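These numbers were taken from a predicted model, which means no experiment stands behind them. Ligands are counted one by one from 1 in listed order, and the atoms in each one are counted from 1 as well. By convention here, the first residue in the shown sequence is residue 1.
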Amino acid sequence: MTEEVERLRVELGDRAYEILVGPRLIERAGREIQPLLRRRQVVIVSDETVARHFVPQLRDSLSEAGITHHTVLLPPGEETKDLDHFGRLAEEILTFGIERGTMLVALGGGVVGDVAGFAAATLLRGIDFVQIPTTLLAQVDSSVGGKTGINTRIGKNLIGAFYQPRLVLADTTVLTTLPRRELLAGYAEVAKYGLIRDAAFFTWLEAECGAVCDLAPAALRRAVMTSCAMKADIVAGDEREEGDRALLNFGHTFGHALETETGFSSRLLHGEAVGLGMALAFDFATRLGLVAAEEARRVRRHLDAMGLPTELSAIGLAGTSADDLLAHMGKDKKVRDGQITLILPRRIGGAFVMKDAPRDELRDFLAAAA
Ligand SMILES: NC(=O)c1ccc[n+]([C@@H]2O[C@H](COP(=O)([O-])OP(=O)(O)OC[C@H]3O[C@@H](n4cnc5c(N)ncnc54)[C@H](O)[C@@H]3O)[C@@H](O)[C@H]2O)c1
């Protein structure tokens with residue numbers, strides 16, 4: 001193992017697992033996965049775009065380690081996370097004659113990770129799986145923590161399971177082929193970690209964001225490691241989101257409303273929605289007198305500098321009705337007894353859960369923002 005690769009553990013008792021962060025990890029995937037296998041059979045799940053770049057090297061690496069493998073490819077994009085694709089994926093995997101000891105390997109962004117993870121959680125009532133995340137968003141967020149699932153016509157991620165992977169291989173080299181817009185959307189989730197719990201990390205990002213997004217190896221590794229370490233720590237303390245894990249949804253309730261309004265399309269990527277949602281959360285907290293206005297300005301300056309949208313007008317939502325946005329927020333999974341839950345900042349590096357956000361204030365705020 002070269003010293004460029006760093007390891008950390010998600011401490012979940014008998015379901016604990018390691019996250020490896022560093023370059024060229026796909027090339028060594030076979031060797032890393034081999035000790036975890038109960039049967040020398042792996043099914044790779046990927047999407048067609050990712051497969052063109054990385055499936056050949058993953059297959060080579062598995063073959064070198066003497067592991068039999070099959071591959072299933074899904075179309076790229078959020079539409080793949082539906083019941084139809086899930087059904088076809090599950091049946092195709094079953095045609096390989098899998099057993100309980102078969103390992104599934106999810107190679108791709110959050111879409112592949114979520115749908116393949118859910119397949120792992122449910123096939124034969126649960127088989128092991130490994131995450132090899134290939135977007136920045138998936139490396140710092142979706143591959144860690146065991147949330148798996150698919151979308152329904154009623155809403156996003158409404159069918160799913162908490163099901164932890166056995167290993168996460170965050171190969172930073174793969175980000176070189178990721179479109180810049182996808183990279184920046186993932187960066188919003190990196191900034192989120194600084195904003196919710198680590199002011200020093202946010203200050204570091206203000207100085208080093210250029211290096212991170214230009215994929216300078218040391219800066220990128222530190223950004224991914226710091227993000228994964230915080231996620232691992234929060235998940236270890238609250239696997240099923242009964243407490244602090246909700247902080248990871250910072251920016252998501254606003255963001256989810258914006259994604260719903262833009263039809264979960266390429267008009268607004270998930271990470272972009274989270275970035276804009278974080279700017280709105282700071283503004284709303286300022287309005288409630290919870291956070292200094294200068295902190296909100298600093299956050300917006302940073303997201304602007306990264307080329308992320310920070311105003312509703314930038315995504316063509318100027319003039320959208322506050323009631324529509326509020327209605328979307330009211331359908332969030334965190335709603336309890338009709339009360340909207342928001343994650344709000346007290347300062348950069350300090351967020352908290354507000355369980356009963358004041359609806360009238362929120363409506364006025366959204367009307368002014370749109
Ligand atoms: N489970 C969780 O905890 C969690 C957390 C956050 C987000 N999510 C989910 O993640 C999904 C979004 O994930 P995403 O942003 O990674 O999107 P994605 O998986 O759709 O990937 C984005 C696009 O980039 C392409 N791509 C991926 N890696 C590439 C690479 N290295 N080079 C070139 N192209 C590449 C993909 O083919 C796709 O077209 C959403 O469905 C969201 O709900 C889940």
Side-chain angles (χ1 to χ4, degrees), residues 10 23-26 45-55 57-58 73-82 85-86 106-118 120-121 129 131-152 155-165 168-190 192-193 215 220 227-228 231-232 234-235 239-241 245-246 248-252 255-256 259-260 264-266 268-275 277 332-333:
V10 184
R24 295 178 299 282
L25 284 170
I26 292 182
V45 180
S46 190
D47 77 33
E48 288 150 7
T49 307
V50 173
R52 271 198 299 280
H53 296 292
F54 309 115
V55 161
Q57 61 196 84
L58 178 56
L73 298 185
L74 299 163
E78 187 70 28
E79 299 73 32
T80 288
K81 258 179 75 170
D82 68 1
H85 286 92
F86 174 74
L107 173 73
V111 165
V112 165
D114 279 9
V115 71
F118 187 54
F129 85 116
Q131 289 269 20
I132 307 186
T134 63
T135 62
L136 182 58
L137 181 136
Q139 295 193 348
V140 300
D141 190 1
S142 61
S143 65
V144 177
K147 279 192 186 176
T148 71
I150 54 175
N151 304 329
T152 68
K156 216 171 118 73
N157 295 328
L158 292 182
I159 298 179
F162 285 101
Y163 194 69
Q164 301 293 340
V168 179
L169 298 176
D171 181 339
T172 47
T173 313
V174 303
L175 301 179
T176 50
T177 58
L178 188 66
R180 179 110 185 139
R181 188 177 168 205
E182 294 285 355
L183 185 81
L184 294 178
Y187 179 82
E189 299 275 8
V190 175
K192 177 187 78 179
Y193 291 104
L215 308 182
L220 179 61
S227 303
C228 286
K231 180 140 189 192
I234 290 175
V235 167
E239 186 181 7
R240 290 184 155 260
E241 201 169 306
R245 187 163 180 172
L248 295 169
N249 295 319
F250 182 54
H252 284 61
H256 195 259
E259 281 183 283
T260 310
F264 293 98
S265 65
S266 56
L268 184 67
L269 302 179
H270 175 73
E272 292 171 338
V274 169
D332 192 82
K333 282 202 286 299

Between [X] (side chain only) and [Y] (backbone N and O only), is there a donor and an acceptor less than 3.5 Å apart?
X: Asn157; Y: Ile150; answer: no
X: Gln131; Y: Val168; answer: no
X: Thr134; Y: Val174; answer: no

Hey, mind stepping through Val115 and Leu74 against side chain to side chain contact (heavy atoms under 4.5 Å, CB included) and telling me if it holds? CA-CA 10 Å; Val115 71; Leu74 299 163; 3.7 Å; yes
List, ordered by chain and residue number, the protein residues whose closest non-hydrogen atom lies under 4.0 Å from any atom of ligand 1. Asp47, Thr49, Val50, Phe54, Pro76, Glu78, Lys81, Gly109, Gly110, Val111, Asp114, Thr134, Thr135, Leu137, Asp141, Ser142, Lys147, Lys156, Asn157, Val174, Thr177, Leu178, Pro179, Glu182, Lys231, His270
Under the side chain to side chain donor-acceptor pair (under 3.5 Å) rule, collect the residues that match up with Glu182, sequence neighbours excluded. none
According to the interplanar angle, ranging from 0 to 90°, do the rings of Phe118 and Phe86 count as parallel (below 30°), tilted (30 to 60°) or perpendicular (above 60°)? tilted
